[in-house]
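Just so you know, these numbers use all the heavy atoms, side chains as well, and skip hydrogens, waters and symmetry mates. Reminder, nothing fancy here: chain letters follow the sequence lines and each chain counts from 1.
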Protein chains: 2
Amino acid sequence: MPTPTKRQARKKSTSSRSTKKAPGKRAKNKEQTKARILKAALELFGQKGFYKTTTKEISRKARIAEGTLFNYFKTKEDLALYFFETELQNCIDWYYQDDYVRAAPLPEKLFGLVQHYLDRVEPYEEFIGAVYLRALQPRSRLNPLSLEVQELRLRELMFIRDILEEAEEREEVPPLGEFGVYALGLGFLAVVTYWLNDRSEGKENTMALLDRALTLGSHVLRQGGWEW
Amino acid sequence: MPTPTKRQARKKSTSSRSTKKAPGKRAKNKEQTKARILKAALELFGQKGFYKTTTKEISRKARIAEGTLFNYFKTKEDLALYFFETELQNCIDWYYQDDYVRAAPLPEKLFGLVQHYLDRVEPYEEFIGAVYLRALQPRSRLNPLSLEVQELRLRELMFIRDILEEAEEREEVPPLGEFGVYALGLGFLAVVTYWLNDRSEGKENTMALLDRALTLGSHVLRQGGWEW
DNA sequence: GCGTTAAAATGAGTACACTCATCTTTTGAG
DNA sequence: CTCAAAAGATGAGTGTACTCATTTTAACGC
């Protein structure tokens, strides 16, 4: 029994002659439906929150049958996860397209990235815990969400690795390897959890903490006290 | 509307004359029932896992009605949480009763504590994520578990504070204050998440990481590079 | 067009955590 | 002992995420 593949991009362009992209009515509909679901979900989550929004309501608002929703998203949490995927991708794109940020020294770079990410993720603050934090518990196949979350986490870690490798090449930091990636990812998680608890105006406490932590981190690394 | 208090220890010993403890049939039954529920839940979680065990099964095995379970535990997750409360308390008691550990230097002390905790928590590895890790998301009153989890986390942090204060008095570390507590708690969380992903024999990778991290931490602190 | 096949939509059905009005047991005062 | 009040147990009922057999729609060769 092969596991069903999903989200595969089809590039079969055999039949139609001149048009490079042959979207086809089917693919188009599917895209539209998915967009409608996401739009409806986002609005309802914004109005009533993640927990008080039912999948029935989302279906109704998206003008589809109740069951159809689950053809697009395996679970309600998987649907919510989609927003984080989008925002992470946005963050990655932003980084690779902004030359100023890419050229900046590592601490400034990280500060900018985290700030950007938190800004974008802010609307989903309520359910970030229900969804995203599960990345910390990847075992147990019983949890049906784990695979999706794991993918997201992996993409995040790969992005962090890129940034760290770049910094290593520029000799901004000593070679840290995989452990550095893990540690930085953990630091990021720490900031997010602090941010979740931060009730200060405009989350300024978080930004202050982040600033200080980056300064401290640079300091420790520059002292080279890293052999262990 | 005052929030209902729970789990309060009653010490009214007004009526019965000679016996110091007047348990009363009611309290006794309640205790027994609770114990039966916990026993049944633990067995079933062990056999089938947290997610595949239904509250109905637990009730049946504990020989109570389905609804009764929820007189004792607000949610299924709250029931699972009970095991972590117990183990944390056990850990605290263990620490305060073992003079050898209490006298040890801070890194050894922390190593012993974490090892002890992980040993005890190991049977619940499958659902530690479903329950315990929610402490990271304390906001959003919609999540009905948050209060209980928050209590547990608080107790943990208070324990960490005790340990740190002791170390500060003995001048094993510079004064770190509340930030130190937070950082150490985060470090602990890091170890737990690593442990959750660790498939090595006997979780030896985790223990190795813990050892190295403690050595590194001591080193950094001893260098005094802490002004920021 | 027409028929066939595969993709996708449908919504009644299911499973399960949790609620609540009602019934049962314990307590304690007289 | 009696009885009223309080604590607790009960299980049918409810809401909701999710499933699946069936129906509808799109694609495509003829």
[X] [atom1] - [N] [atom2] separation (whole Å):
| X | N | atom1 | atom2 | result |
| --- | --- | --- | --- | --- |
| I58(A) | dG15(D) | CD1 | P | 18 Å |
| K56(A) | dA9(C) | NZ | C1' | 17 Å |
| K74(B) | dC20(C) | NZ | P | 14 Å |
| F70(A) | dG13(C) | CZ | P | 18 Å |
| Q32(B) | dT26(C) | CD | P | 12 Å |
| R60(A) | dG11(C) | CZ | C1' | 15 Å |
| Y51(A) | dA17(D) | OH | C1' | 14 Å |
| K34(B) | dA9(D) | NZ | P | 12 Å |

Is any side-chain nitrogen or oxygen of [X] closer than 4.0 Å to OP1 or OP2 of [N]?
| X | N | result |
| --- | --- | --- |
| T55(B) | dA17(C) | yes |
| Y72(B) | dG8(D) | no |
| K25(A) | dT25(D) | no |
| N29(B) | dT25(C) | no |

task: Give me the ring orientation class for Y95(B) and F159(B): parallel if the planes are under 30° apart, tilted from 30 to 60°, perpendicular past 60°.
output: perpendicular
- request: Describe, in one word, how the ring planes of F45(B) and F83(B) are oriented to each other, choosing from parallel (under 30°), tilted (30 to 60°) and perpendicular (over 60°).
  value: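 Perpendicular: the ring planes of F45(B) and F83(B) meet at over 60°.
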Side-chain donor-acceptor contact under 3.5 Å, [X] with [Y]:
| X | Y | value |
| --- | --- | --- |
| E87(A) | Y124(A) | yes |
| Y72(B) | D78(B) | no |
| D93(A) | Q97(A) | no |

With a 4.0 Å cut-off on heavy atoms, is [X] in touch with a base, just the backbone sugar-phosphate, or nothing at all?
| X | value |
| --- | --- |
| T53(A) | sugar-phosphate |
| T68(A) | base |
| L69(A) | nothing |

Of N71(A) and T54(A), the one whose closest DNA chain D nucleotide lies more 5':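 Per heavy-atom nearest nucleotide, the more 5' residue is T54(A).
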What's the closest nucleotide to the side chain of [X] if the choices are [options]?
| X | options | answer |
| --- | --- | --- |
| K76(B) | dC18(C), dA26(D), dG11(D) | dC18(C) |
| A65(B) | dT10(D), dA26(D), dA7(D) | dT10(D) |
| T75(A) | dT27(C), dC18(D), dA27(D) | dC18(D) |
| R26(A) | dA6(C), dA9(C), dT19(C) | dA6(C) |

- prompt: Between the main-chain N or O of W195(A) and the side-chain N or O of K203(A), is there a donor-acceptor pair closer than 3.5 Å?
  reply: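 Yes.
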message: Both G67(A) and E66(B) contact DNA chain C. Taking the nearest nucleotide for each, which residue is further toward the 5' end?
response: G67(A)
